[in-house]
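In what follows, a single structure is set out as structure tokens and then discussed.
Proteins get letters first, then strands, A, B, ... in listed order; numbering begins at 1 in each. When reading the values below, keep in mind they use all heavy atoms of this one structure, side chains included, and skip hydrogens, waters and symmetry mates.
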There are 2 protein chains.
Amino acid sequence: MRSGEAKRSYDDACGTAHGLELIGERWALLVLRELMLGPRRFGDLRADLPGISANVLTQRLAELEQRGLVVRRRLPPPASVQVYDATEWGREAEPIVQALGRWAARSPRHDPTLPISGVSILLSFRTMIDAKRAKGMDARFGFVFGQDRYIARVRKGGIKVARAGEGDFHRCDAVFDGAPAALAAIVYGGQPLDLIEVRGDRSAAARFITLFQLPPKVAVEDAAALA
Amino acid sequence: MRSGEAKRSYDDACGTAHGLELIGERWALLVLRELMLGPRRFGDLRADLPGISANVLTQRLAELEQRGLVVRRRLPPPASVQVYDATEWGREAEPIVQALGRWAARSPRHDPTLPISGVSILLSFRTMIDAKRAKGMDARFGFVFGQDRYIARVRKGGIKVARAGEGDFHRCDAVFDGAPAALAAIVYGGQPLDLIEVRGDRSAAARFITLFQLPPKVAVEDAAALA
DNA sequence: CCGTATCCAATAAGATACTG
DNA sequence: CAGTATCTTATTGGATACGG
């Protein structure tokens with residue numbers, strides 16, 4: 001190890017190497033991902049990052065904060081709870097999350113049956129929307145994952161995603177209510193729509209779930225070798 | 001631990017998490033980066049990844065090979081040397097490298113004076129080319145970094161980059177010969193062109209080094225806090 | 001040289017218990 | 001609930017030795 005630097009450095013001027021020093025530690029990018037759609041509490045993050053331990057989450061948040069990617073705030077009373085939020089620069093890391101996700105979706109070893117967070121599935125919509133299929137659609141959709149609510153607007157072949165307030169759902173064409181993993185199984189796994197509850201315009205919902213296309217799996221000469 | 005196998009899992013169906021399981025280990029993405037422009041030998045990799053130890057490089061290469069991102073080949077006699085090359089899927093990870101590099105270039109703590117590999121600087125040209133500035137230019141450039149040679153073709157606002165054979169340099173408008181770090185200092189650090197040797201059309205070379213634009217640094221309220 | 005293997009010390013991650 | 005503290009395990013890096 002070299003002298004001087006406090007932590008392990010790649011000692012490389014390449015931006016990629018510096019990026020890995022900023023968000024290359026285990027869990028760091030997933031923590032940042034969970035903050036992409038707005039502030040979360042410590043417990044929310046812990047719940048949506050199955051397997052992370054409290055001390056590692058504490059450490060990652062502290063590092064991300066110190067590097068300027070995350071800010072810690074205390075909500076005004078009566079809430080008075082502490083939340084973590086991504087800074088603008090932190091949110092600018094979304095293309096990294098997307099590129100990684102799009103690339104890894106081609107993996108023959110990707111297991112889509114694992115748990116998935118609400119933020120993940122919503123961000124995947126931004127990543128995987130097929131502009132041709134979405135062209136001509138103009139609709140709003142709501143998503144209820146337990147306490148968390150999100151809203152998506154499909155228009156001009158694109159999709160906008162955000163956390164939802166109560167009133168936002170009144171303008172939605174349809175609202176999906178269920179587990180994120182179930183929604184993922186429907187959209188990406190070809191499962192039937194009635195795996196979750198759908199309120200509102202069911203035909204709009206049926207169209208919505210066809211808008212997203214995973215890239216083709218990598219051809220593997222000997223797939224067994226990768227099992 | 002079981003080398004390369006499903007070790008510590010993120011237990012997350014999100015493609016991003018799976019991507020981190022594939023190339024999230026320390027050094028993995030940088031090893032893959034070094035293979036983006038063609039096969040390299042073990043010693044080349046070791047030389048261009050300052051700080052990696054031989055055992056870690058061996059392990060990363062074995063893992064990447066087992067996951068289908070890298071192949072190990074033996075060149076035909078008389079060379080008969082073993083080389084590592086990225087598979088097509090491995091090369092498809094370049095958008096990840098680019099997104100990470102572009103994002104990290106905004107970091108206030110990025111130190112461009114560190115060493116940099118030839119592959120890194122050439123890839124950075126692909127990432128950072130400013131289409132508006134390159135528009136209307138049609139030229140070829142050669143790069144000599146010790147034993148390694150590369151060629152770049154600028155055309156229609158884009159740039160193509162590849163390893164060069166001997167003959168390729170005859171068609172070049174200009175050839176840069178020097179250390180990658182010096183070229184980086186010229187292109188990105190505003191240093192004078194005569195820091196390295198330039199053969200051929202010097203005015204074309206002078207235009208070339210203006211084609212690349214780093215994104216603006218992140219505004220930091222208290223930059224000292226991040227030192 | 002080109003890698004691999006092995007040993008060791010330093011870190012980082014994981015599990016769990018604990019405190020305000 | 002929101003973290004700390006502590007302990008155990010895993011990974012990393014450096015040195016070095018070894019076989020092709």
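- When distances run from any side-chain atom of A:S53 to the nucleotides C:dG14, C:dG3, D:dT4, the shortest one goes to C:dG14.
- Nucleotide D:dT12 holds its P atom 10 Å from the CD1 atom of B:I52, rounded to whole Å.
- As rounded to whole Å, 16 Å separates atom P of C:dC7 from atom CD of B:Q59.
- The CZ atom of A:R40 sits 14 Å away from the P atom of D:dC1 (whole-angstrom rounding).
- Listed candidates were D:dG3, C:dT4, D:dG13. Nearest to the side chain of B:W27 is D:dG13.
- Taking only side-chain atoms of A:A54, from C-beta outward, the nucleotide of D:dT4, D:dT12, D:dC1 with the closest atom is D:dT4.
- Using a 4.0 Å heavy-atom cutoff across all strands shown, A:R60 reaches sugar-phosphate atoms only and no base atom.
- Using a 4.0 Å heavy-atom distance criterion, B:R74 is classed as making no nucleic acid contact.
- Using cut-offs of 30° and 60° on the angle between ring planes, the pair A:Y10 and B:W27 is perpendicular.
- Between the base of D:dG14 and the side chain of B:N55 there is a donor-acceptor pair shorter than 3.5 Å.
- The CZ atom of B:R72 sits 10 Å away from the C1' atom of C:dT4 (whole-angstrom rounding).
- Residues A:E94 and A:R126 are paired through a salt bridge, judged by an N-O separation under 4.0 Å between the basic side chain and the carboxylate.
- Classification of B:R67 and B:E25 as a salt-bridged pair holds, one side-chain N sitting under 4.0 Å from a carboxylate O.
- In this structure, the nucleotide among C:dT16, D:dT12, C:dT4 sitting nearest to the side chain of A:R46 is C:dT16.
- Between A:Y84 and D:dG3, a side-chain N or O to OP1/OP2 separation shorter than 4.0 Å is present.
- At a threshold of 4.0 Å, the pair B:D148-B:R40 counts as salt-bridged, since one of the basic side-chain nitrogens sits closer than that to a carboxylate oxygen.
- The CD-P distance, from A:Q82 to D:dT4, rounds to 9 Å in whole Å.
- The CD-P distance, from B:E25 to D:dG13, rounds to 12 Å in whole Å.
- Rounded to whole Å, atom P of D:dA2 lies 11 Å from atom CG of A:L57.
- Side-chain proximity of A:R26 to D:dA2, C:dA15, C:dA13: nearest is C:dA13.
- Closest to the B:R41 side chain, of the nucleotides C:dC2, D:dG3, C:dA15, is C:dC2.
- Here the P atom of nucleotide D:dA2 and the CG atom of A:D44 are 7 Å apart, to the nearest Å.
- Scanning for side chain to side chain donor-acceptor pair (under 3.5 Å) contacts around A:T16 gives an empty result, with sequence neighbours left out.
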